[in-house]
2 protein chains.
Amino acid sequence: MLLDIYLLVGKIQVVATTAEGGAPSILDVAEVLVQRRGFNGFSYADVAAELHVTKASIHYHFAGKADLGEALITRYGDRFGAALAAIDVRLDDDREKLAAYAELYAGVLVDDRMCLCGMLAAEYETLPEAMQRAVERFFADNQRWLEAVLSSGRARGTLAFDGPEADAAQLIVSGLEGAMLVARPFGGVERFRVAAGRLLAAFSA
Amino acid sequence: MLLDIYLLVGKIQVVATTAEGGAPSILDVAEVLVQRRGFNGFSYADVAAELHVTKASIHYHFAGKADLGEALITRYGDRFGAALAAIDVRLDDDREKLAAYAELYAGVLVDDRMCLCGMLAAEYETLPEAMQRAVERFFADNQRWLEAVLSSGRARGTLAFDGPEADAAQLIVSGLEGAMLVARPFGGVERFRVAAGRLLAAFSA
DNA sequence: GTCTATAACGAGATAGAC
DNA sequence: GTCTATCTCGTTATAGAC
């Protein structure tokens, strides 16, 4: 059963509280604030207070909020991409890869965070254009990775589904993002695990 | 095929641009603003400008933003509930009911809106408590209706799925909310229809 | 019920000393 | 690279005239 595998898979972190065990950086603090409260729900003052510095100091490193936001998505996307590459190295079975992919999301949710780009997807219309483009890239990258896994799994006979890989990949991204979105106000991590488990089970051959 | 039915089902509106064909009300304008930009992404000034009145006039009807937000969710939930009741009256087949449910979401998305409570789910942590409770009620009501449909469909042999109705209902809500969330920045209504169609097809007996 | 006026506050941002 | 000080603007909200 896919759900069992999924629960056994070791954690590959997307969440980084601190850069490498040191003091949290501006990006670390801003990231968790955006994931919990949204880009329109936090301010330079929030970041500054958390780091015990002044707002002016934050402006020295990131001239404007749009710059900070862009850097946030880039770093998140890079870290996510690295986690996907690590999955490719560590696991061979495509069902296990999908389970590990879902676990990436779960690891974010248990920290009471929404996926950064899921959160920004909600606020999409209010974002500076550079941030909008960066959010699109994030989803495109996820889509590409999932299509490769789905294609491989189908060829090897470990995954089964109708229609193009692209359609199946869309459902997986949507399902996991939606499960995170709804789980925070309603149902919690348990709800996420149920939805993710059922979702992926539908692709197991 | 479920997808075909789903495309043929007539529209039951959740979106109301104007109350009943008259001039748009404060709630009408505020609703679309929240659905497009989020609760933290609009202001009294935006509503006032759209209605060609002053901010003070809005405060006369809704003393604070929290009051406006609460009224918004209540009305949306009532309208959604009425749409679900209308589906129950109009349709008998539970597969068609699920398709009509998905079409409710699609009707919101084509107007470039996110589900009101999906949007508020993202901003959940920043909302006044009364609004948080109202968002939870919305999801609980959806959950309840879906469970009844799933239960009936399984008993009649038109729907098939493993495990409790509650788990299946969670996946449906999550999948549709997520498909809406991601579709706006990435993929559009086409993406939503693909994801929704595949999602519901998995429940067809 | 809508207006003008304004208060009170916070957000994003900059200048310039240290 | 961080600070103090300040500026400008938008936002929520209220007082009181019409």
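Order of the sequence lines sets the chain letters (A, B, ...), proteins ahead of strands, with each chain counted from 1. Because only heavy atoms are used, hydrogens play no part in the values below, and waters and symmetry mates are left out as well, while side chains stay in. Source: prediction; values computed, not measured.
In this structure, B/His61 atom NE2 and D/dT12 atom P are separated by 17 Å, rounded to whole Å. One can place NZ of B/Lys65 at 4 Å from P of D/dT12, the figure rounded to the nearest angstrom. Rounding to whole angstrom units, CG of residue B/Leu68 and P of D/dT12 are separated by 10 Å. For the pair B/Phe62 CZ and C/dG1 C1', the interatomic distance rounds to 14 Å; values are reported in whole Å. Rounded to a whole Å, the CG atom of B/Asp67 is 13 Å from the P atom of D/dT12.
If you check residues 38-51 of chain B against DNA chain D, the residues with a heavy atom closer than 4.0 Å are B/Phe42, B/Ser43, B/Tyr44, listed by number.
Residue B/His59 has no polar side-chain atom (N or O) positioned under 4.0 Å from OP1 or OP2 of C/dT2. At D/dT2, none of the side-chain N or O atoms of A/Thr54 fall inside 4.0 Å of OP1 or OP2 (strictly under the cut-off).
Neither side chain, A/Tyr101 nor A/Glu96, offers a donor N or O lying under 3.5 Å from an acceptor on the other. Side chains of A/Gln132 and A/Glu136: no donor on one and acceptor on the other come within 3.5 Å.
Between A/Arg36 and A/Asp111, some side-chain heavy-atom pair lies under the 4.5 Å cut-off. Proximity of A/Cys117 to A/Ile73: side-chain heavy atoms (C-beta onward) are separated by under 4.5 Å at one or more points. Put simply, the side chain of A/Glu123 does not reach to within 4.5 Å of the side chain of B/Met119, judged on heavy atoms.
Relative ring orientation between B/Phe80 and B/Phe138 is described as perpendicular, the plane-to-plane angle rising above 60° on a 0-90° scale split at 30° and 60°.
Comparing A/Ala56 and A/Tyr60 along DNA chain D, the residue whose closest nucleotide (by nearest heavy atom) sits nearer the 5' end is A/Tyr60.
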